[in-house]
Amino acid sequence: MQAHIISLLVEDHPGVLTRMSGMFTMRGINITSLTVSPCEKKGLSRMTVAIDGSESELEKVRKQLSNLIEVVKIVDLKEDKAVIRDLCLMKVHVKDSNARSEVMQLAEAYRAKIANATLDSIIVELTEEPKTIDRFVDLMKHFGVKQLFRTGVTAIGMDTGGGLER
Amino acid sequence: MTRGKLKGAEIVVEELKNEGVEVAFGIPGGVLLDLYDVLYKDEAIRHILMRHEQCAAHAADGYARVSGRPGVCIATSGPGATNLVTGLANANMDSSPVVALTGQVPTAAIGSNAFQEASTFTITMPITKHNFLVTRTEDLPKVIHNAFYIANTGRKGVVLVDLPKDVLATKVDVDLHPKETFTGYKPKIKPNPVQIKKTVEVLANAERPLILAGGGVISANATEELRHLAEFLGAPVVTTLMGKGAIPENHPFSLGMAGMHGRIYANRAIGECDALLAVGTRFSDRLTGWQLDQFAPEATLIHVDIDAAEINKNLQVDIPLVGDAKLALQDIIKWLEKKKTTSPGSVWVQRIREMHSACEECIGDVRREGASISDMLIKEINGILDDDVIVTTEVGQCQMFAAHYYITKKPRTFISSGGLGAMGFGFPAAIGAKVAAPDRKVVDIAGDGSFLMTCHDLATCVENDIQVVVCIFDNRYLGMVRQWQELFFDKKYSHTGLGITPDFVKLAEAFGCYGERVEKPEDLKDALHNAFESGKPAVIDMIVGKEDKVLPMIPPGGGITRMIGAERCKPI
Ligand SMILES: Cc1ncc(C[n+]2csc(CCOP(=O)(O)OP(=O)(O)O)c2C)c(N)n1
Ligand SMILES: [Mg+2]
């Protein structure tokens, strides 16, 4: 098992997201996250799909994706050749001032922002690689995570692959 | 080309004509009034009114399989579209090019649970190659063109176009007959020369090469190439159910269908070969059985398929070769001929010939000891039908008797529901087949259970003078399921008895068809003669043994070389 990130350019048609997610369900593929956003070209959208699986499963996913008519381009992004980010918003319980300052120190160490604070909780915001976020979330569990939101990964290749540039 | 303002419905019909559509099978409804109004005025497209939308889809599918051109079916919104679903899933599973047009409630009403609204677009997404929900009349030319282009290229399949009422009714100025396609859709046709070289290397050095032909060979019109390669290489050919007809089954190198209900020698050849060239097949479990280590254990596996997603999906292969079957076979032949001289005298060829004659002997011997009435009937049919007759089948024992014993001699003359296994397919598919080839005889080999699922379309046959002959294997059972209950569930026939089935002869007559009952296999010849001579659509009710079994078979969980019920086959 390994985490894979696939970056797709797809035609911006209604239903294309349903078609994607339907394909994953139909083929029994488990995805960890799926994000859709506009891209540099009008009429196309970018999708970033994260899956956990073996190389051969990745290969199957790639092939099934390329069979979808609206998929224009597929790139699988290798960790060392891509900038990979996830955004996390988390409400952490702080039972006293001690806890509060510890949370704030840890947040600073991770370069997370304090987005809001109340008497008994702090909302922290962190944009980082998913693994770093995982570690940060684990730390915060120590204080009590009341709510956790993550956008799912988005990623950009360092070389030309994935974009429309040549 | 501009033509001034056109209604959406007129645009649809103009584009259909431009795609070469001559026939459509359908049923109208409220949201399709504009479309049917155009079909009424414009006689270029023959519309055949079916009695159930499932039959419209199956008929379009049968038409496509026989003609090699996309079949077209039409259904209204809501129930019309949901009725189409089985037929579309069936065609798509068997990679048959079908374009379905469905009516939809007006765009403004979509999502409001309007009368006869169903989300056809989302319902049909997983059972089509692609589908469209058209929201602007201006988009119609491009959508219709792409529907046909996508359905009929690459791995063929079903494309559905959902047409809201207002899109059909609105008048716009548009350019007709666009050429524009999708940037992301470029089917890979040309095989990779490196893979061709590897393939040729393996085949040239193989002592016991075998060719496995799937439906892709027929769909790519590559049957001549296949036969040539088999003869040059000295390789026997086994087929899948979908591949029946890829090589004439009376050819000395043909071993017939392999797989779960295949011929024992075909399966044995798979077990013995040292190189397997599989063309246009997806290695479904009905072919391979469930013990994959028994499937061609000694062979280098070469897999030719137009769909890259099929490579290594069901079976891990040694040499993948993605591309059109015809082009791939042509390339293989070209390079092989430079490398190798033909080897028709090898030990392997000798063995194939023996296996082939053992099969022929068994099939030719109509009254063979231990043969059931069902066996005998198909053997009898072999002697009656000429090579051009198109045989369709329903699903169940009747289908497997036909697949096993019927000697198919030409491509596109054996039409069966392979992937979906949909009871009720054979009869409406026969209607489509007859419409595609009006000068040829069409026979549906049916089960009593299957026929009752779609027999209402006898009305369509009578009304449109479509003379198909349905031969029912009347065993008063859902026979295939009963067979499994007999063999694997202690003969507990749970809900497989059909009880009092209708009098099929009277049923035929009630529709205005010809009907005849056959009690003894030897009477079939006259009955078929009478049926064809009647000039009417016909039903022949063939009384078979209630507990006839299709054997041999691979039992559930078993492997391809361990068939049960094979005692009757001569050991070689
Ligand atoms: C639409 C549909 N429903 C159920 C089945 C499951 N099934 C497979 S074969 C079979 C029996 C078919 O009976 P019949 O048409 O009488 O053919 P026989 O096997 O008796 O020759 C059934 C119920 C199916 N294949 N398709
Ligand atoms: Mg039956």
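Here the CZ atom belonging to Arg19(A) is positioned 6.5 Å from the OG1 atom belonging to Thr128(B), to the nearest 0.5 angstrom. Here the OH-CG distance, from Tyr185(B) to Leu68(A), works out to 12.0 Å after rounding to the nearest 0.5 Å. Rounded to the nearest 0.5 Å, atoms CZ (Arg27(A)) and NZ (Lys313(B)) are 5.5 Å apart.
Within 6.0 Å of the NZ atom in Lys186(B), the count of heavy atoms belonging to other residues, nucleotides or ligands exceeds 12. Around the NZ atom of Lys95(A), the shell of radius 6.0 Å holds no more than 12 heavy atoms that belong to other residues, nucleotides or ligands. Within a 6.0 Å radius of CG in Asp96(A), other residues, nucleotides and ligands contribute more than 12 heavy atoms. With a 6.0 Å radius and a threshold of 12 heavy atoms from other residues, nucleotides or ligands, Asp293(B) has its CG atom above the threshold. Atom NZ of Lys63(A) has more than 12 heavy atoms from other residues, nucleotides or ligands within 6.0 Å. Lys146(A) NZ: more than 12 foreign heavy atoms inside a 6.0 Å radius. For Lys113(A), the NZ atom counts as loosely surrounded, since its 6.0 Å shell holds 12 or fewer non-hydrogen atoms of other residues, nucleotides or ligands.
If you tally non-hydrogen atom pairs under 4.5 Å between each of Pro126(B), Gly184(B), Gly154(B) and chain A, the highest count goes to Gly184(B). Annotation: maximal heavy-atom pairing with chain A below 4.5 Å, among Thr135(B), Ile311(B), Asn146(B), occurs at Ile311(B).
Closest approach of Asn312(B) to Lys60(A), counting heavy atoms only: O-CE, 3.6 Å. Nearest heavy atoms, Gln64(A) versus Ala309(B): NE2-CB, 3.7 Å. When all heavy atoms are compared, the tightest approach of Ile69(A) to Lys129(B) is CG1-O, 4.2 Å.
Within the 4.5 angstrom heavy-atom criterion, no atom of Glu59(A) approaches chain B.
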task = Determine, step by step, whether His130(B) and Glu70(A) satisfy the side-chain contact (heavy atoms from CB on, under 4.5 Å) criterion, reporting the C-alpha distance in whole Å, the side-chain angles of both residues, the deciding distance to 0.1 Å, and the verdict.
result = CA-CA 9 Å; His130(B) 194 63; Glu70(A) 288 148 328; 3.5 Å; yes

